> 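Please see the structure below; I have some questions.
What you are looking at is a predicted structure, and each value in this text was computed from that prediction instead of being measured. Atoms within each ligand, like the ligands themselves, are counted from 1 in listed order.
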Amino acid sequence: MSAAEPVDLTVADLHPALGDPALTSMNFLNEVSERHPTAVSLAAGRPYEEFFDVAAVHRHLDTFHRHLVDDLGHRPEQARRLLLQYGRTKGIVHHLIARNLAVDEGITVDPEDVVVTVGCQEAMFLVLRALRAGPADVLLAVAPTYVGLTGAARLVDLPVWPVAGGPTGVDLADLAAQVRRARAAGLRPRACYLMPDFANPSGVSIDTAHRQRLLDLAAQEDLLLLEDNPYGLFHSDDGPRPPTLKALDTGRRVVYLGSFAKTVLPGARVGYVVADQRVGGPGGRVGTLADQLAMIKSMVTVNTSPIAQAVIGGRLLEHGCSLVAANTRERSAYTRNLRHLVAGLTRRFPAQPDQPDQPNQPEHPDQPEHPDQPGVRWTVPAGGFFVVVTVPFPVDDALLDRSARDYGVLWTPMAHFYDDTAPVRALRLSVSAVTPEQIDVGLDRLAALITDELTRRAG
Ligand SMILES: Cc1ncc(COP(=O)(O)O)c(C=O)c1O
């Protein structure tokens with residue numbers, strides 16, 4: 001081969017995760033929406049853009065800068081360095097995150113146990129990278145699950161074993177059975193990943209009693225829980241929110257994953273992980289899991305942009321470190337949209353005999369079609385961004401393509417959230433980045449697609 005000849009690589013020579021559906025999924029979904037820019041998108045789980053405000057970003061930065069000088073006593077050059085120089089691997093807003101967790105969630109954490117990351121996505125990657133010590137390790141994850149988790153697991157060669165979710169959010173009998181099955185096969189289940197609040201994509205939440213039972217089971221089976229909570233603040237009723245698993249955790253069983261994408265700004269790309277687990281070594285204790293994660297982070301992203309952290313820090317400071325207080329407008333917009341979407345589905349599919357009569361009791365999107373129940377069904381979540389619509393035919397990427405091209409509406413096939421190739425008769429609708437008017441147009445188009453599809457299949 002001459003020096004001038006171009007080098008061509010093949011995917012087969014790269015990491016096996018490249019080309020895996022878990023990694024190509026997000027690109028495919030983005031690409032469909034880019035190809036159909038005028039389609040109404042009930043697909044994107046992005047936050048509402050109406051409240052984005054460039055001027056507020058400058059103000060947050062100034063607020064955090066003043067905090068460094070006035071509250072923490074930094075000299076001007078120190079404050080400037082902290083904001084603009086390479087910085088502490090674990091981050092510079094860890095103390096405010098700890099305060100936020102105390103104020104909003106009743107969680108007491110040592111700020112040293114917090115690692116500020118480039119989005120929650122990096123936090124997941126760091127944790128999975130640390131936990132995957134060898135080929136016998138597996139991760140359990142409640143199915144359907146967030147595709148970003150499955151993709152991150154693929155990148156560190158960690159197989160993901162599904163655990164049934166069901167109407168309670170996690171089927172504890174199945175979780176116990178999967179742990180035992182894995183161990184009987186000589187494998188080591190390292191943790192179980194789950195989203196106890198308004199899960200993506202199912203919308204299901206776990207009630208408080210079941211959370212406690214889950215923690216008991218985790219203790220009994222000596223299992224870590226990875227709690228991912230990007231949507232917990234967006235409950236649509238006015239009652240109290242259930243405590244997070246981390247708030248109930250007395251045995252350091254829970255690694256808590258946080259994101260500011262939905263509660264502050266996705267463009268800042270800031271998330272975090274609370275990892276207070278003690279880590280021992282041959283000579284005794286070597287620190288905490290947070291310390292180990294920081295070591296990995298130092299070789300992945302070095303540190304999270306301090307400018308981006310300052311924007312998050314400033315927003316926290318301006319609301320007494322309460323994201324509940326900072327998100328009153330957002331919460332009511334999401335609640336309005338969720339109710340509008342559910343009412344809109346009820347109006348457009350009025351004669352369905354099998355409507356879920358209890359809110360928050362979603363149908364299993366993967367359950368086989370019941371011959372007596374050919375209708376269209378949907379979940380009624382108590383908050384969050386997502387509603388799952390079950391239809392009597394398989395929903396795949398080709399149907400999404402047709403929906404975008406011929407009907408002008410985008411949604412997400414639920415098949416993307418299952419780690420197998422079995423057909424799934426369900427799709428996910430997101431209410432977060434649309435107006436009620438767009439929801440109306442989107443649902444009219446979706447109803448037309450479903451009606452035409454049913455007619456076509458009947459003929
Ligand atoms: C359940 C879940 N976890 C994590 C993330 C990623 O969060 P971030 O944008 O902070 O990386 C998302 C984003 O949609 C999500 O739905």
> Flag Cys120 as yes when one of its N or O atoms lies below 3.5 Å from any N or O atom of ligand 1, and as no otherwise.
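N/O-N/O distance under 3.5 Å: yes.
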> Against heavy atoms of Gln121, which atoms of ligand 1 measure under 4.0 Å?
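Selected atoms, number and element: 11 (O).
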> Identify, by atom number and element, the atoms of ligand 1 in contact range of Met195, meaning under 4.0 Å from any of its heavy atoms.
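Those atoms are 1 (C).
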> Please could you name the atoms of ligand 1 that Ser259 approaches to less than 4.0 Å, counting only its heavy atoms?
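Counting atoms of ligand 1 from 1, those under 4.0 Å from Ser259 are 7 (O), 8 (P), 10 (O).
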> Is a salt bridge present between Arg213 and Asp216, judged by a nitrogen-to-oxygen distance below 4.0 Å?
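So Arg213 does not pair with Asp216 through a salt bridge.
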> Relative to ligand 1, is Arg269 under 4.0 angstrom through side chain, backbone, both or neither, heavy atoms considered?
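Looking at Arg269 and ligand 1, just side chain atoms fall under 4.0 Å.
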> Strictly below 4.0 Å, N to O, side chains only: are Arg35 and Asp401 in salt-bridge contact?
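Counted as a salt bridge, because a side-chain N and a carboxylate O are separated by less than 4.0 Å.
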> Work out whether the distance between some heavy atom of Gly119 and some atom of ligand 1 is less than 4.0 Å.
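Contact check Gly119 vs ligand 1: positive.
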> What I want to find out is whether Asp396 reaches Arg402 closely enough, with some N-O distance under 4.0 Å, to be called a salt bridge.
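A salt bridge is absent here (no side-chain N lies under 4.0 Å from a carboxylate O).
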> For Tyr231, state whether at least one heavy atom is located under 4.0 Å from any atom of ligand 1.
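Contact present.
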> Mark up the atoms of ligand 1 that fall under 4.0 Å of a heavy atom belonging to Ala261, in ascending order.
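Answer, ordered by atom number: 9 (O), 10 (O).
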> Do Asp197 and Ser205 pair up side chain to side chain, a donor and an acceptor below 3.5 Å, judged on atom types alone?
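No, no side-chain donor-acceptor pair sits under 3.5 Å.
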> Among all the protein's non-hydrogen atoms, which is closest to atom 14 (O) of ligand 1, and how far away is it?
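Atom 14 (O) of ligand 1 sits closest to the protein heavy atom Lys262 NZ, 3.0 Å.
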> Just wondering, do Arg99 and Leu316 contact through their side chains at under 4.5 Å, heavy atoms?
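No, every pair of side-chain atoms sits at 4.5 Å or beyond.
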> For atom 3 (N) of ligand 1, what is the nearest protein heavy atom, given as residue, atom name and distance?
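Nearest protein contact, heavy atoms only, for atom 3 (N) of ligand 1 is Asp228 OD2, 2.6 Å.
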> Which distance, rounded to the nearest 0.5 Å, do you find between the CG of Leu226 and the CZ of Arg190?
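Spacing of CG (Leu226) from CZ (Arg190) equals 10.5 Å.
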> Among Phe386, Phe385, Tyr231, Phe198, which residue meets the ring-ring contact (aromatic ring centres under 6.0 Å, His included) test with Tyr334?
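With Tyr334 as partner, ring-ring contact (aromatic ring centres under 6.0 Å, His included) holds for just one option, Phe385.
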> Would you say Glu112 and Thr288 are linked by a side-chain donor-acceptor pair, where the criterion is simply a distance under 3.5 Å?
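Glu112 and Thr288 do not have a side-chain donor-acceptor pair below 3.5 Å.
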> Among the heavy atoms of Pro230, does any lie under 4.0 Å from an atom of ligand 1?
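The answer is yes: ligand 1 sits under 4.0 Å from a heavy atom of Pro230.
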> Considering heavy atoms of the protein only, find what lies nearest to atom 6 (C) of ligand 1 and give residue, atom and distance to 0.1 Å.
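Nearest neighbour among protein heavy atoms for atom 6 (C) of ligand 1, to 0.1 Å: Tyr146 OH, 3.6 Å.
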